[in-house]
Amino acid sequence: METTSPALGGVFCMYVACSLFAMLNVVTGVFVQSVLKSQAADRDLFMVSNARELFQSLDDGIDSSMTWEVFESKVDEPHIQAFLSAIDVDPCEARGCSGCWTWTAQVASQLMSEALGLIV
């Protein structure tokens, strides 16, 4: 066998190092993407669960409707505060909204499940 020049050996080492770096970068990217997807699914399930728990805690259960006054009375409960923080709403801002509205639990649950792509 013939000898190769040291410069060519250096170029080959750089090629191997860059290829290894690129492969490890792809593996890391795939891992991070799967973790982010899992975290997003967990967050969505957490929000749906808290919304459902809110409606189940009403007097008539899941078939009841919620007025603004009922919502304001429940906004201090820990699971409601966790839900509001999960959707990036400050509880003080939630209290400050004016007007009267009514939500039925079935409509809210259906909207949440459609928006999150989950079956409730």
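Note: hydrogens, waters and symmetry copies are ignored here, and every other heavy atom, side chains too, is used.
- Scored by the side chain to side chain contact (heavy atoms under 4.5 Å, CB included) test, Thr28 finds Val32 as partners (sequence neighbours excluded).
- Using a 4.5 Å heavy-atom cutoff, the side chains of Ser5 and Leu8 are in contact.
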Can you give the donor-acceptor pairs under 3.5 Å from side chains of residues 10-27 to other protein atoms, not counting sequence neighbours?
| from | atom 1 | to | atom 2 | distance (Å) |
| --- | --- | --- | --- | --- |
| Ser19 | OG | Tyr15 | O | 2.9 |

